[in-house]
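Below is one structure, written out as structure tokens; the observations come after it.
Numbered from 1 within each chain, the chains take letters A, B, ... in sequence-line order.
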Number of protein chains: 2
Amino acid sequence: MSEPRANLPRPAPAPSVSIAAVARHANVSVATVSRVLNGQQVVKPATRDAVMAAVQTLGYRVNEMARNLRTAESRLLLVLVPDVGNPFYAEIMRGIDSVARQHGYLVVLCDTGADVEREHTWFDLLRRRRADGAICLDPDTVQHALAHDNAHLAWVACAEFDPAMAVPYVGIDNRLAARDAVQHLLERGHRRIGLINTDETWLYARQRKQGWHDALTEAGITPRADWCINTHSLDYAAGNAAMTQLLALAAPPTAVFAVSDTLAIGALAGARSLGKRIPHDVAVVGFDDIALAAQTDPPLTTVAQPMRQLGETAVQLLLDLLADRGRPPAHVLLPHRLALRASA
Amino acid sequence: MSEPRANLPRPAPAPSVSIAAVARHANVSVATVSRVLNGQQVVKPATRDAVMAAVQTLGYRVNEMARNLRTAESRLLLVLVPDVGNPFYAEIMRGIDSVARQHGYLVVLCDTGADVEREHTWFDLLRRRRADGAICLDPDTVQHALAHDNAHLAWVACAEFDPAMAVPYVGIDNRLAARDAVQHLLERGHRRIGLINTDETWLYARQRKQGWHDALTEAGITPRADWCINTHSLDYAAGNAAMTQLLALAAPPTAVFAVSDTLAIGALAGARSLGKRIPHDVAVVGFDDIALAAQTDPPLTTVAQPMRQLGETAVQLLLDLLADRGRPPAHVLLPHRLALRASA
DNA sequence: GTGAAAGCGCTAACAA
DNA sequence: TTGTTAGCGCTTTCAC
């Protein structure tokens with residue numbers, strides 16, 4: 001055993017100074033330190049200053065794991081995203097993150113691949129108290145499968161939802177938005193209007209198809225089945241392939257509505273590689289209004305979703321739920337708008 | 001006070017069953033339950049089964065907050081990203097997430113905006129034990145500012161780093177990679193080769209500029225100052241503007257090397273809006289090889305970074321550090337390659 | 001206005 | 001092989 005060595009330079013600041021150490025140093029009780037730390041007004045200013053001084057010199061930081069055990073909350077929120085790489089979700093994430101942080105919550109991005117099994121393992125984190133709540137962006141079919149087992153957990157749906165579920169959600173009116181987009185094409189004189197849709201496990205896919213159908217029939221046009229392609233993913237390549245397929249038709253569409261900007265941008269590439277000029281040979285309308293949409297050639301006309309606000313609202317709904325678990329689930333629909341650019 | 005009511009249907013499964021409840025139900029001690037839960041082999045099979053049965057019927061889930069307080073780890077990792085929307089980072093995130101999860105860690109995406117102040121608040125989470133470690137993707141200048149205060153915290157640098165820092169890092173040889181890219185342009189006969197660079201607070205920006213410079217001087221060409229544009233962001237619009245500026249030169253470059261695919265894609269748009277054909281009028285080479293690079297018109301020739309592997313390696317370095325805080329910082333350089341497509 | 005002490009749910013050292 | 005018990009660091013009654 002060696003002597004206690006007081007004045008050796010430490011290689012690193014002592015990583016563990018507890019509330020007890022601060023109390024000792026300031027000659028008060030741990031309770032008082034806790035009060036100061038939590039900004040309770042009862043503490044006498046002089047005492048408060050002494051505590052703060054001790055905190056300062058000791059370099060104390062609260063151990064939030066301990067605090068959270070005591071308060072029984074983790075201050076962590078989960079965001080369940082089917083595809084992290086999709087810019088649409090990235091923007092929603094930004095909205096979520098900003099308001100979550102304002103309220104002292106941390107956000108964990110969870111990649112689900114729209115898979116029920118993986119969803120389940122993420123929901124397990126809620127059961128194990130690793131997280132306080134979740135925001136789910138997965139297909140309504142997936143959500144539906146989840147709903148029963150997780151009814152007592154705190155979660156909300158964002159952008160995609162099953163209206164029949166007793167879960168709060170925020171989204172837009174997809175059917176109406178799609179109808180607006182197709183109507184714009186009709187106004188430009190198009191009569192043969194294709195649809196590049198995605199997997200119809202998504203409610204939004206079914207709803208936007210409805211909107212496309214609505215607009216066409218209202219104009220006295222009978223939608224043909226071969227005008228409609230269902231892709232299995234949302235990536236650029238899928239949009240490219242779908243457009244190629246559409247243009248191979250005997251009487252190809254003169255305009256195409258894609259249910260996602262990524263698909264639409266891929267479609268642009270597909271049309272171009274066939275030597276088509278846009279919008280002269282084919283007009284294209286997308287959906288979402290991601291940042292890239294303004295930079296394509298030509299710039300993409302698209303239905304703008306309020307992505308950021310979608311995320312912000314979702315957190316708000318979740319926090320409301322956390323504050324009052326008994327409240328009836330709120331359902332919010334946000335407005336969309338048509339961003340007119342050169343592609344249609 | 002009312003009587004205890006035993007058999008009322010609960011609106012939601014009791015959210016709080018502790019290890020003690022399981023112990024009671026299985027007629028064993030909490031220690032035994034804990035042993036079973038943690039897979040310790042000492043427990044007699046019969047006892048083990050009894051415990052598992054109790055866990056099952058009670059629907060018990062471990063409270064990880066309590067466990068973590070005890071084991072003094074949060075099992076949370078931070079990823080400090082300057083711009084969540086950039087697809088380059090999204091792919092690195094995927095790599096990080098997959099191996100972190102394999103090791104039982106959760107990953108929190110932290111948007112820093114490459115800002116030192118915001119970085120500080122994120123590092124605070126480490127001090128408060130909210131997280132065990134961090135992976136930093138911010139500019140080396142930012143990292144440098146951080147290094148002193150946070151020397152005792154567990155963090156590693158990824159993609160961007162200051163070689164002089166005593167912090168583990170993984171990245172590529174940016175100078176060499178840029179040189180390769182420009183050399184490709186030279187081989188195609190170009191002599192006036194522009195550079196769309198970003199803010200030189202980034203080490204990679206300075207290094208890639210060096211590489212551009214190397215290749216040019218080796219070919220006996222004197223790089224002109226007006227061939228080089230520094231943008232203030234990495235978004236598509238910035239690349240567009242830079243290209244416009246380059247093409248306005250009296251003797252504009254016949255080829256352009258952009259230090260990021262997003263910049264390069266914006267540059268493509270910029271050239272096109274001026275009626276230029278690619279690669280005929282201007283050739284363009286990018287950097288990163290994001291998914292979109294293969295879908296542009298024409299498809300983008302670019303330097304491919306092993307993004308996923310970058311992320312995977314970064315986690316590995318961090319876990320190594322967590323396991324042995326004393327070890328000397330490891331420095332890993334991963335190989336790059338040139339993805340040849342039609343734009344150059 | 002402040003302190004003593006209980007306990008959040010868990011793991012691990014020590015005993016039996 | 002199992003049980004008892006002491007904390008992990010904090011918040012929060014309840015006294016004083």
Just the rounded figure in Å: distance from [atom2] of [N] to [atom1] of [X].
X     : N      : atom1 : atom2 : answer
A:L58 : D:dG9  : CG    : P     : 14 Å
B:Y60 : C:dG9  : OH    : P     : 10 Å
B:Q40 : D:dT2  : CD    : P     : 12 Å
A:R24 : C:dT2  : CZ    : P     : 20 Å
A:L37 : D:dT12 : CG    : P     : 12 Å
A:Q41 : C:dT2  : CD    : C1'   : 16 Å
B:R67 : C:dC10 : CZ    : P     : 8 Å
A:R61 : D:dG9  : CZ    : P     : 17 Å

Between [options], which one does the side chain of [X] approach most closely?
X     : options               : value
A:A66 : D:dC10, C:dG3, D:dC8  : D:dC10
A:R35 : D:dC10, D:dT13, D:dT5 : D:dT13
B:V42 : C:dC10, C:dG7, D:dT2  : D:dT2
A:A31 : C:dG3, D:dT2, C:dA12  : C:dG3
B:I19 : C:dA12, C:dG9, C:dC10 : C:dC10

When you check the side-chain N and O atoms of A:T112 and A:D138, is any donor under 3.5 Å from an acceptor?
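Present: a donor and an acceptor within the cut-off.
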Taking atom types as modelled, find out whether B:S74 and B:D132 have a side-chain donor-acceptor pair closer than 3.5 angstrom.
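B:D132 and B:S74 do have a side-chain donor-acceptor pair below 3.5 Å.
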If we only count heavy atoms from C-beta on, is the [X] to [Y] side-chain gap below 4.5 Å?
X      : Y      : answer
A:Q143 : A:M165 : yes
B:V79  : B:L137 : yes
A:R127 : A:D124 : yes

Is there a side-chain contact between [X] and the phosphate of [N], meaning an N or O under 4.0 Å from OP1 or OP2?
X     : N      : value
B:S34 : C:dT11 : yes
A:T71 : D:dT11 : no
A:S18 : D:dG9  : no
A:T32 : C:dG3  : yes

Name the nucleic acid region contacted by B:N38, choosing base, sugar-phosphate or nothing; use a 4.0 angstrom heavy-atom cut-off, strictly under.
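Since only primed, P, OP1 and OP2 atoms lie under 4.0 Å of B:N38, the category is sugar-phosphate.
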If the test is side-chain contact (heavy atoms from CB on, under 4.5 Å), which one of B:I92, B:L317, B:I96, B:L80 qualifies with B:I135?
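Among the candidates, only B:I96 passes.
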Using atom types as modelled and distance alone, determine if a side-chain donor or acceptor of B:R75 lies under 3.5 Å from a backbone N or O of B:H103.
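Yes, B:R75 side chain to B:H103 backbone: donor-acceptor pair under 3.5 Å.
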Spell out, as yes or no, whether a donor-acceptor pair under 3.5 Å connects the side chain of A:N38 to the backbone of A:Q40.
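No, A:N38 side chain to A:Q40 backbone: no donor-acceptor pair under 3.5 Å.
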In residues 43-51 of chain A, what residues come within less than 4.0 Å of DNA chain D, judged by heavy atoms?
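Result for residues 43-51 of chain A: none.
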C:dG9 base / B:R70 side chain donor-acceptor hit below 3.5 Å:
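Per atom types, no contact qualifies.
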